[in-house]
Amino acid sequence: MTTGGAPQITWQPSALELDRRTHRRKASGRSVLIALVSTVIFAVVAGTLVLSSPGWDSVRETFFNLEIARDSLPKILEGLWLNIRVLFFATIGVALLGTLLAVLRSLRGPVWFPLRALAAGYTDLFRGLPVLIVLYLVGFGIPALDPTQRYPAAVLGTIGIMLCYSAYVAEVLRAGMEAVHPSQRIAARSLGLSHAKTLRLVVIPQGLRKVIPALMNDFVSMQKDVGLISVLGAVDAIRAAQIVQAQTYNFTPYVVAGLLFVALSFPMIRLTDYVSARMAKREQMGGTV
């Protein structure tokens, strides 16, 4: 076929390429079938072992009571809404404070040593302290400074979560910023950009792209740890489950709360896996990450 006098060439895969595609499709289908069969066998064996155990009836009544689960669900959902609000504000605070700490640790020159030392000490301290201890220190320490004031437990819990996870995020961001090749900084400065603009327009965007999967994993961890604010008295999903458990002497509400946290985290977990796999594929193909 010709168009305007010039021959139009239509590409066709070779016979060898067609054979390769056919082989890959067969291998993929065989792998899916093997995975499905092995999964079914494992589920049957595991289910048989659990259901045939001597104490299964007691465990089912204590942890998987459908009637108690149905009755406790509205109260636990109401508490979960508090967890979601805490997570929202904590995410904003962690993003801002973590970025500030990462920038402080990346400052050059001896004049900035006090700020670098302060940021390094902060990250070392709060990465080493367990989140639960930080919540106790913040939740009971801040109100002790002024006993006449009452602070909402959810606010204190949000502050504690921010203090811990901003240290984690700051180190992840700093690692990404330091992974940017020095030539990028030099090129930006040669174009007349200041150090602040170089960080904002060149270094931080490139460094952020390198550590997106790690940041998303930190966010998934924070989604779980917002449940720890219950130790301060906040009636969140965990505390609501504890109240129902104390009334019914049954642990099913804890299972319900746990499943709700899994449902809350599941979309971000799958998104993290997708982004990680996509970036790894681009790296293997030689693309820009």
Side-chain angles (χ1 to χ4, degrees), residues 87-134 158-191 193-226 265 267-289:
L87 178 64
F88 174 78
F89 290 106
T91 300
I92 297 175
V94 166
L96 296 176
L97 184 55
T99 303
L100 176 61
L101 291 169
V103 171
L104 291 178
R105 295 208 62 182
S106 67
L107 293 175
R108 302 291 195 269
V111 69
W112 301 112
F113 174 77
L115 292 180
R116 290 200 304 270
L118 180 63
Y122 178 96
T123 55
D124 291 345
L125 176 64
F126 285 102
R127 280 193 303 162
L129 283 173
V131 178
L132 188 60
I133 292 180
V134 174
T158 304
I159 294 174
I161 295 292
M162 286 172 48
L163 290 175
C164 288
Y165 276 91
S166 60
Y168 300 136
V169 169
E171 285 303 289
V172 172
L173 287 175
R174 185 176 70 91
M177 292 165 60
E178 290 183 350
V180 177
H181 198 275
S183 62
Q184 298 292 316
R185 296 176 183 265
I186 297 172
R189 298 305 297 270
S190 67
L191 293 175
L193 296 181
S194 64
H195 179 70
K197 287 187 176 181
T198 299
L199 284 176
R200 181 168 60 89
L201 300 176
V202 178
V203 177
I204 293 180
Q206 294 188 52
L208 184 62
R209 293 181 65 184
K210 294 178 181 293
V211 296
I212 284 178
L215 290 176
M216 296 175 72
N217 281 322
D218 284 339
F219 180 72
V220 171
S221 297
M222 188 166 65
Q223 285 181 307
K224 298 181 299 181
D225 284 345
V226 293
S265 302
M268 181 57 63
I269 293 173
R270 293 279 69 83
L271 180 61
T272 301
D273 292 342
Y274 169 76
V275 172
S276 300
R278 185 169 178 267
M279 295 184 70
K281 183 177 179 181
R282 292 179 63 182
E283 284 184 340
Q284 293 172 0
M285 295 174 60
T288 303
V289 178

* Can you name the residues that form a side-chain hydrogen bond (donor to acceptor under 3.5 Å, both in side chains) with Q223, not counting sequence neighbours? -> none

* To do: Starting at CG of L271, measure out to CE of M216 and round the result to the nearest 0.5 Å.
  => 3.5 Å

* Asked: If you measure from CG on D218 to OG1 on T91, what distance do you get to the nearest 0.5 Å?
  -> 11.0 Å

* Structure fact -> Applied to residues 168-191, the ring pair (Phe, Tyr, Trp, His ring centres under 6.0 Å) test, sequence neighbours excluded, yields Y165-Y168

* To do: Apply side chain to side chain contact (heavy atoms under 4.5 Å, CB included) to the pair Q184 and V203, showing each step before the final yes or no.
  => CA-CA 7 Å; Q184 298 292 316; V203 177; 5.8 Å; no

* Might you point out which heavy atoms bring G207 and V180 nearest each other, and give the distance in Å? => N-CG2, 3.6 Å

* To do: Compare every heavy atom of V211 with every heavy atom of G176, then report the nearest pair and how far apart it is.
  => CA-CG1, 3.6 Å

* To the nearest 0.5 angstrom, please state how far the CD1 atom of I92 sits from the CG atom of L87. => 10.0 Å

* Identify the heavy atoms of G93 and M162 that sit nearest to each other, and give their distance. => CA-CE, 3.7 Å

* **Of L173, T123, L115, the residue whose pairing with R105 passes side-chain contact (heavy atoms from CB on, under 4.5 Å)** => T123

* Shortest non-hydrogen contact from A167 toward F126 -> CB-CB, 3.9 Å

* To the nearest 0.5 Å, what is the distance between CZ (F219) and CD1 (I269)? -> 11.0 Å

* **Atom pair CZ/CG of R174 and L101 - distance to nearest 0.5 Å** => 11.0 Å

* Minimal non-hydrogen separation, V131 against D225, with atom names -> CG2-OD2, 4.0 Å

* Asked: Which heavy atom of V172 sits nearest a heavy atom of A214, and at what distance?
  -> CG1-CB, 3.8 Å

* Excluding sequence neighbours, so at least two apart, what forms side-chain hydrogen bond (donor to acceptor under 3.5 Å, both in side chains) with S166? -> Y122

* Spacing of L163 atom CG and T158 atom OG1 [to the nearest 0.5 Å] -> 11.0 Å

